Amino acid sequence: MPHTETPGTEGAPATRLRWWTELPLILLVYACYSAGRLLVRGDVADAVDHGLAILRIEQALYLNAEHPLNRLFTREPWLGIPADFWYASLHYLVTPLLLVWLFRSRAVRYRAARTWLMTSTFIGLIGFTLLPTCPPRLLDAGHGFVDTMAQYSSYGWWAGEASAPRGLGGLTNQYAAMPSLHVGWALWCGVILWRYGGTRLAKTAAVIYPLVTVVVVMGTANHYFLDAVAGAAVMGAGLLLTPVVLRATDRVKARVLPRFAPAPVVSSVPGSPIVSDGCQTSAGEQFPGQRQRQLEPRFTSGTEPGDSPPTHGEDAETAAAPAR
């Protein structure tokens, strides 16, 4: 059903995509994320140092919006609880739903959009591994942050370990604050809705969803403002690299797939794609040249092909003479 577009463009479909070929890509991303989580687990001290460095930079630049937002969400449950649900669920619902929607209704554009998302995610995973960062909620209480996910955990399925369900906190990387893929993926969703939504409601959601996500990740003390900026930068880098990744993928397919494709049937006559070499049959014929043979003059015994057939003016006795 769905097709792909020419690398870096939105041209005519080239190859058919199936859901069972897309699912391994998602599993690959999850496997890389799990590997990054295992690598970061032993670098807690470095993660805390990186988090404090980011906080000092923001304070020096007067960009520290996390403190007032976190105090507001902590003091007002009617803001804090919906924000926790927003952080714990929409990240994992809206993005896959838009991918499925593109796959089913915008097949020509799906491959480029999916590649953009995957490329940006891999860049973010590199950032998690090279720069583990402690989120504000895990800093010492003296820095003035409250973990709203833990404060309002009785209202949801999460505990005190990010947005993971109770008992599954070990499956999440709590020191993957830089960059914020919550913000990056929300930005991707906003761009997709704005370009392909087609309605005023879709365009409104395209603007609101990323902006509210930025406020939520800071108010819940899960990310710094610079984490959000880095998430947007990662998506920008992924967008620029998408045509390169698509061309590289197509080159690999062009080299690998022909080895498994059946060899085409080629006519032995140069320049003729028809096996019968121009001979055509019609209803009732058994062989291609039958009609032509039927139209040829029948020669009587004793005559040669070069001789002309007898005419009405010739002697009847000569014409009826038996063959010798």
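Quantities reported herein were computed from a predicted structural model and do not represent experimental measurements.
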Full working for side-chain contact (heavy atoms from CB on, under 4.5 Å) between V215 and L211
CA-CA 7 Å; V215 175; L211 292 179; 6.0 Å; no

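- For the atom pair L97 CG and C189 SG, the distance stands at 9.0 Å (nearest 0.5 Å).
- H223 places a side-chain N or O within 3.5 Å of a backbone atom of A177 that can act as its donor or acceptor partner.
- A salt bridge links R111 with D250: the closest approach of a Lys/Arg side-chain nitrogen to an acidic carboxylate oxygen falls below 4.0 angstrom.
- Aromatic ring pairs are classed by plane angle as parallel below 30°, tilted from 30° to 60° and perpendicular above 60°; the pair Y87 and H182 is parallel.
- For the pair D147 and T220, the tightest heavy-atom approach, listed with the atom from each and the gap, is OD1-O, 4.5 Å.
- Of all heavy-atom pairs spanning V216 and F73, the tightest one is CA-CE2, 4.2 Å.
- For the pair M118/T115, no side-chain contact is recorded, criterion being any heavy-atom separation below 4.5 Å from C-beta on.
- Here the straight-line distance linking atom CD1 of I54 with atom CG of D49 works out to 11.5 Å at 0.5 Å rounding.
- Between the side chain of D227 and the backbone N or O of Y224 there is at least one donor-acceptor pair closer than 3.5 Å.
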Stepwise side-chain contact (heavy atoms from CB on, under 4.5 Å) test for R114 and L102:
CA-CA 9 Å; R114 177 258 288 157; L102 281 176; over 6 Å; no

Applying side-chain contact (heavy atoms from CB on, under 4.5 Å) to W101 and Y196, what does each step give before you reach the verdict?
CA-CA 10 Å; W101 174 68; Y196 309 127; 3.7 Å; yes

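- The hydrophobic cluster containing I192 does not contain V234, counting ILVMFWY residues as joined when their side-chain heavy atoms lie under 4.5 angstrom apart, directly or transitively.
- When every heavy atom of F225 is checked against every heavy atom of L63, the shortest pair comes out as CB-O, 4.0 Å.
- Residues L193 and K203 fail the side-chain proximity criterion, which asks for heavy atoms closer than 4.5 Å.
- W185 and L241 fall into different hydrophobic clusters, where Ile, Leu, Val, Met, Phe, Trp and Tyr residues are linked whenever their side-chain heavy atoms come under 4.5 Å apart, directly or through other members.
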side-chain contact (heavy atoms from CB on, under 4.5 Å) evaluation trace for R137 with V146
CA-CA 6 Å; R137 63 183 180 82; V146 175; over 6 Å; no

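- Not a single donor-acceptor pair under 3.5 Å links the side chain of T148 to the backbone N or O of Q151.
- Here the shortest heavy-atom pairing between P136 and F145 reads O-CB, 3.5 Å.
- Residues I208 and M235 are members of one and the same hydrophobic cluster, defined by side-chain heavy-atom contacts under 4.5 angstrom among Ile, Leu, Val, Met, Phe, Trp and Tyr.
- Residues F122 and L125 have side chains in contact (heavy-atom distance under 4.5 Å, counting atoms from C-beta outward).
- A single hydrophobic cluster is not seen to contain both V94 and V207; linkage of ILVMFWY side chains at heavy-atom distances under 4.5 Å, directly or through other members, places them apart.
- Under a 3.5 Å cut-off, the side chain of E66 and the backbone N or O of A221 do not form any donor-acceptor pair.
- Aromatic ring centroids of W86 and Y209 lie under 6.0 Å apart.
- Here the closest non-hydrogen pair linking P210 and A186 is CG-O, 3.5 Å.
- Formation of a donor-acceptor pair under 3.5 Å by the N70 side chain with backbone atoms of G219 is found in this model.
- Atom OG in S120 sits 9.5 Å away from atom CG in L240 (nearest 0.5 Å).
- V44 is listed as a side-chain neighbour of Y175, based on a closest heavy-atom distance under 4.5 Å.
- Side-chain atoms of H143 and D140 include no donor-acceptor pair closer than 3.5 Å.
- One finds the CZ atom of R75 at 8.0 Å from the CZ atom of R71 (value rounded to the nearest 0.5 Å).
- The cluster map of Ile, Leu, Val, Met, Phe, Trp and Tyr, joined by side-chain heavy atoms under 4.5 Å apart, puts V214 and F85 in the same cluster.
- How far CD1 of I81 is from OH of Y152: 6.0 Å, rounded to the nearest 0.5 Å.
- In terms of heavy-atom proximity, A113 sits nearest to W188 at O-NE1, 3.2 Å.
- Atom CD1 of I126 and atom OG1 of T121 lie 11.0 Å apart (nearest 0.5 Å).
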